[in-house]
There are 2 protein chains.
Amino acid sequence: MKNRIRIERAILDITQADLAERINVSRQTINAIESNKYVPSTVLALKIARIFGKSVEEVFELEEND
Amino acid sequence: MKNRIRIERAILDITQADLAERINVSRQTINAIESNKYVPSTVLALKIARIFGKSVEEVFELEEND
DNA sequence: TACAAATGTAAAATAAACTTTACATTATAT
DNA sequence: ATATAATGTAAAGTTTATTTTACATTTGTA
């Protein structure tokens with residue numbers, strides 16, 4: 001699965017730590033999701049997308065191997 | 001988090017086992033997600049929504065406690 | 001009513017998400 | 001060039017997702 005978190009963060013001009021704080025997870029969790037170390041839960045995906053004002057599909061995209 | 005899986009399944013007229021097979025998880029996993037025993041990964045949410053022809057937000061909805 | 005299909009559920013095992021702490025590297029501004 | 005902020009990463013620990021097997025209950029149908 002791919003994601004556009006880094007880009008959306010840049011548009012909002014917020015750091016990984018900012019985003020983490022806004023959805024109540026650790027900064028490392030955001031870093032790990034953003035760099036595809038693991039797949040977030042649906043609750044986190046919904047919260048992240050909501051902060052960006054985008055749908056989950058606009059932020060996270062399935063790939064062939066998923 | 002709430003979900004509309006049961007309703008969307010009814011619209012498509014498919015069983016939990018059918019849905020499970022289509023996204024390559026066990027039937028128990030679908031049953032557990034559908035009855036809110038746990039929160040699916042974003043990959044599963046995207047696959048489930050795609051089968052229903054709906055967005056993730058149309059199938060899964062955040063609640064206050066999330 | 002009886003049979004079959006669908007759903008609910010439970011326990012044990014494994015994999016994966018997430019936290020905390022801590023430190024290293026990279027980028028940015030002064 | 002130096003200080004500071006941001007990001008990358010790692011290890012250990014806890015919690016949660018997911019699988020497998022198995023059985024019980026409910027629902028639909030002949």
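Not measured: the values here are computed from a predicted model. Sequence lines set the chain letters: A, B, ... in the order given, protein chains first and strands last, and positions in each chain run from 1.
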Item to complete: Look at the side-chain heavy atoms of Ile, Leu, Val, Met, Phe, Trp and Tyr, link any pair under 4.5 Å apart, and say whether B:V56 and B:I11 land in one connected group.
Response: no
Discussion item. Can you pull out the residues from residues 45-66 of chain B that lie within a 4.0 Å heavy-atom distance of DNA chain D?
Written reply: none
Worksheet entry | Of all pairs that satisfy salt bridge (Lys or Arg N to Asp or Glu O under 4.0 Å), the ones with a partner from residues 29-41 of chain B, not counting sequence neighbours | B:R6-B:E34, B:R9-B:E34
Practice prompt. Check the distance between C:dA27's C1' and A:D13's CG and give it to me in whole angstrom.
Written response: 14 Å
Worksheet entry | All side-chain contact (heavy atoms from CB on, under 4.5 Å) counterparts of B:N36, not counting sequence neighbours | B:N3
Item to complete: Write down the distance between CG (B:N36) and P (C:dT9), rounded to a whole number of angstrom.
Response: 12 Å
Worksheet item: Any side-chain heavy atom of B:P40 sitting closer than 4.5 Å to one from B:M1?
Response: yes
Pairs of donor and acceptor atoms involving the side chains of residues 20-29 of chain B, under 3.5 Å and at least two apart or interchain, shall be tabulated with distances.
residue	atom	partner	partner atom	Å
B:S26	OG	B:T29	N	3.2
B:S26	OG	B:T29	OG1	2.9

Practice prompt. Name all residues meeting the side-chain contact (heavy atoms from CB on, under 4.5 Å) criterion together with B:R4; count only those two or more places apart in sequence or in a different chain, and write none if there are none.
Written response: B:I7, B:E8
Item to complete: Starting at atom CD of A:E21, determine the distance to atom P of D:dT7, rounded to an integer number of angstrom.
Response: 14 Å
Item to complete: Would you mind reporting whether B:T42 and B:F60 have side-chain heavy atoms less than 4.5 Å apart?
Response: no
Discussion item. Can you see if the side chain of A:N31 gets near the phosphate of D:dG8 - specifically, an N or O under 4.0 Å from OP1 or OP2?
Written reply: yes
Discussion item. Output one letter per nucleotide in nucleotides 14-30 of chain D: B when a protein non-hydrogen atom lies under 4.0 Å from the base, S when only the sugar-phosphate is that close, - when neither is.
Written reply: ---SBBBBB--------
Discussion item. With side-chain contact (heavy atoms from CB on, under 4.5 Å) as the criterion, how do B:I5 and B:L19 come out once you've worked through the C-alpha distance, each side chain's angles and the decisive distance to 0.1 Å?
Written reply: CA-CA 10 Å; B:I5 296 177; B:L19 179 56; 3.9 Å; yes
Worksheet entry | side-chain contact (heavy atoms from CB on, under 4.5 Å) partners for B:L62, two or more places apart | A:V43, A:L46, A:K47, A:R50, B:D66
Response to the item:
As a check of understanding: the bend across the helix from C:dT1-D:dA30 to C:dT30-D:dA1, end axes from five pairs, rounded to 10 degrees, works out to 60°
Fill in: Interatomic distance where CG belongs to B:L19 and P belongs to C:dA6 [whole Å]
14 Å
Item to complete: Measure the distance from CD1 on B:I14 to P on C:dT7 and round it to the nearest whole Å.
Response: 10 Å
Fill in: Partners passing side-chain contact (heavy atoms from CB on, under 4.5 Å) against B:E61 (at least two apart in sequence or in another chain)
B:K2
Worksheet entry | Between C:dA17 (C1') and A:M1 (CE): distance, integer Å | 12 Å
